[in-house]
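Worksheet for the structure shown next.
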Amino acid sequence: MKCPECNCEESKVIDSRPTENKVRRRRECIQCGYRFTTYEIIEEVPLMVIKKDNSIEPFDREKLVDRLCRATVKRPVTLETIENMVESIAAELKNSLQREVTSDKIGELVLHKLKDIDPVAYIRFASVYRDFGDVDSFMKIISELKEAQ
């Protein structure tokens, strides 16, 4: 970091404080002793979702929470449980270091976690996600769920 007084390229950090999406640092120039403040902005690369129709949109955490709330209507699943599940999925996606992820991948992660939380919500979510068109599709997933238990 260049000193604004003498243009020396060496300084030491005296104090660091995190603020919202920034880190505030007090620095001191090694050469002249001048103190100055810098701000580091945390840059996050947005996660993009490739949908089934090949359109691309930013990952929307609230949209996923909304879809899970719909699947868990009148079920013994708390909003906190849903929030924790979405947080876990978002963290897993960000840790994968991929900038783009398919909606299928997100759906499979949701189904994997939802299976352990509530079987009825699992079937509801799967029926929309996998686009069930007939009763046989429901029967197949119910039998798979029974076998897994």
Side-chain angles (χ1 to χ4, degrees), residues 1-132 137 141-142 144-145 147-149:
M1 183 63 57
K2 275 189 178 180
C3 172
E5 277 299 298
C6 69
N7 287 328
C8 175
E9 293 196 15
E10 291 187 44
S11 64
K12 64 181 178 180
V13 176
I14 299 169
D15 182 41
S16 278
R17 293 187 186 177
T19 60
E20 191 174 317
N21 292 333
K22 294 187 231 181
V23 177
R24 178 183 183 271
R25 299 201 193 278
R26 285 293 293 161
R27 297 179 178 268
E28 183 177 354
C29 177
I30 300 292
Q31 188 173 338
C32 70
Y34 182 76
R35 291 186 175 195
F36 56 101
T37 302
T38 60
Y39 292 92
E40 295 178 16
I41 297 172
I42 299 168
E43 185 177 73
E44 289 189 26
V45 177
L47 181 65
M48 301 304 282
V49 178
I50 303 169
K51 299 180 73 171
K52 289 180 182 177
D53 65 358
N54 287 328
S55 63
I56 299 175
E57 66 180 42
F59 175 74
D60 186 355
R61 187 181 176 288
E62 294 306 314
K63 185 175 178 181
L64 188 53
V65 169
D66 177 62
R67 299 311 185 266
L68 284 166
C69 285
R70 289 182 191 183
T72 58
V73 168
K74 296 185 181 180
R75 298 298 306 156
V77 179
T78 64
L79 184 57
E80 183 180 359
T81 302
I82 292 171
E83 291 277 348
N84 290 339
M85 185 169 67
V86 170
E87 193 61 40
S88 170
I89 290 168
E92 192 172 330
L93 292 171
K94 286 181 181 179
N95 289 338
S96 73
L97 302 177
Q98 295 178 327
R99 291 185 176 187
E100 293 180 345
V101 65
T102 63
S103 59
D104 289 337
K105 172 73 174 167
I106 295 170
E108 290 302 324
L109 288 171
V110 170
L111 286 175
H112 179 72
K113 293 186 183 298
L114 202 52
K115 185 185 274 189
D116 298 332
I117 294 172
D118 187 78
V120 173
Y122 170 81
I123 293 169
R124 287 178 181 171
F125 189 87
S127 70
V128 174
Y129 164 68
R130 292 192 176 148
D131 196 24
F132 290 172
S137 302
I141 199 157
I142 290 170
E144 287 173 7
L145 194 59
E147 288 173 14
Q149 291 177 344

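- Partners of Lys113 according to the side chain to side chain donor-acceptor pair (under 3.5 Å) rule, which considers only residues two or more places apart in sequence or in another chain, are Ser88.
- For the atom pair Ile89 CD1 and Glu108 CD, the distance stands at 11.5 Å (nearest 0.5 Å).
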* Taking it one step at a time, do Arg61 and Glu83 satisfy salt bridge (Lys or Arg N to Asp or Glu O under 4.0 Å)? -> CA-CA 9 Å; Arg61 187 181 176 288; Glu83 291 277 348; 2.9 Å; yes
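- Residues forming a salt bridge (charged side-chain N to carboxylate O under 4.0 Å, His left out) with Arg99 (at least two apart in sequence, or on another chain): none.
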* To do: Test Leu109 against Leu93 for side-chain contact (heavy atoms from CB on, under 4.5 Å), laying out the working first.
  => CA-CA 9 Å; Leu109 288 171; Leu93 292 171; 3.6 Å; yes
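- Remark: Asp104 pairs with Lys52, Thr102, Tyr129 by the side-chain contact (heavy atoms from CB on, under 4.5 Å) rule, at least two apart or across chains.
- Contact check for Met85 versus Thr81: no side-chain heavy atoms found under the 4.5 Å cut-off.
- Within a 6.0 Å sphere centred on CD of Glu9, heavy atoms belonging to other residues, nucleotides or ligands number 12 at most.
- The two residues Ala126 and Ile141 come nearest to each other via the heavy atoms CB-CD1, 3.4 Å.
- With sequence neighbours excluded, the residues satisfying side-chain contact (heavy atoms from CB on, under 4.5 Å) with Ile41 are Lys22.
- Shown here for Glu28 and Gly33, the closest heavy-atom pair between the two residues is CG-O, 3.7 Å.
- For Glu92, there are no side chain to side chain donor-acceptor pair (under 3.5 Å) partners at least two apart in sequence or on another chain.
- Take Arg67 and apply the salt bridge (charged side-chain N to carboxylate O under 4.0 Å, His left out) test, not counting sequence neighbours, and it matches no residue.
- Evaluation of the side chain to side chain donor-acceptor pair (under 3.5 Å) rule for Tyr122 yields no partner, not counting sequence neighbours.
- Atom CD1 in Ile123 sits 12.5 Å away from atom OG in Ser137 (nearest 0.5 Å).
- Rounding to the nearest 0.5 Å places NZ of Lys12 at 5.5 Å from CD1 of Ile30.
- Distance check: Ile82 CD1 to Cys69 SG gives 4.0 Å after rounding to the nearest 0.5 Å.
- Residues meeting the side chain to side chain donor-acceptor pair (under 3.5 Å) test with Ser16, sequence neighbours left out: Arg25.
- Note that CG of Leu64 is 11.5 Å distant from OG of Ser103, once rounded to the nearest 0.5 Å.
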* To do: Could you walk me through whether Arg35 and Arg26 pass the side-chain contact (heavy atoms from CB on, under 4.5 Å) test, one step at a time?
  => CA-CA 7 Å; Arg35 291 186 175 195; Arg26 285 293 293 161; 3.3 Å; yes
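- Note that CG of Leu114 is 11.5 Å distant from NE2 of His112, once rounded to the nearest 0.5 Å.
- Taking the side chain as every heavy atom from C-beta outward, Thr72 and Ile117 never approach each other to under 4.5 Å.
- Residues that satisfy the side-chain contact (heavy atoms from CB on, under 4.5 Å) test with Val120, not counting sequence neighbours, are Arg75, Asp118, Arg124.
- In this structure, the side chains of Val110 and Phe125 come closer than 4.5 Å at one or more pairs of heavy atoms.
- No donor-acceptor pair closer than 3.5 Å links the side chain of Ser55 to the backbone N or O of Lys51.
- Under the rule for a salt bridge (charged side-chain N to carboxylate O under 4.0 Å, His left out), Lys2 has no partner lying at least two apart in sequence or in another chain.
- Taking 4.5 Å as the limit, every side-chain heavy atom of Cys6 sits out of range of all side-chain heavy atoms of Tyr34.
- Contacts of Asp66 classified as salt bridge (charged side-chain N to carboxylate O under 4.0 Å, His left out), with partners at least two apart in sequence or in another chain: Arg70.
- Qualifying side-chain contact (heavy atoms from CB on, under 4.5 Å) partners for Ser96, counting only residues two or more places apart in sequence or in other chains: Gln98.
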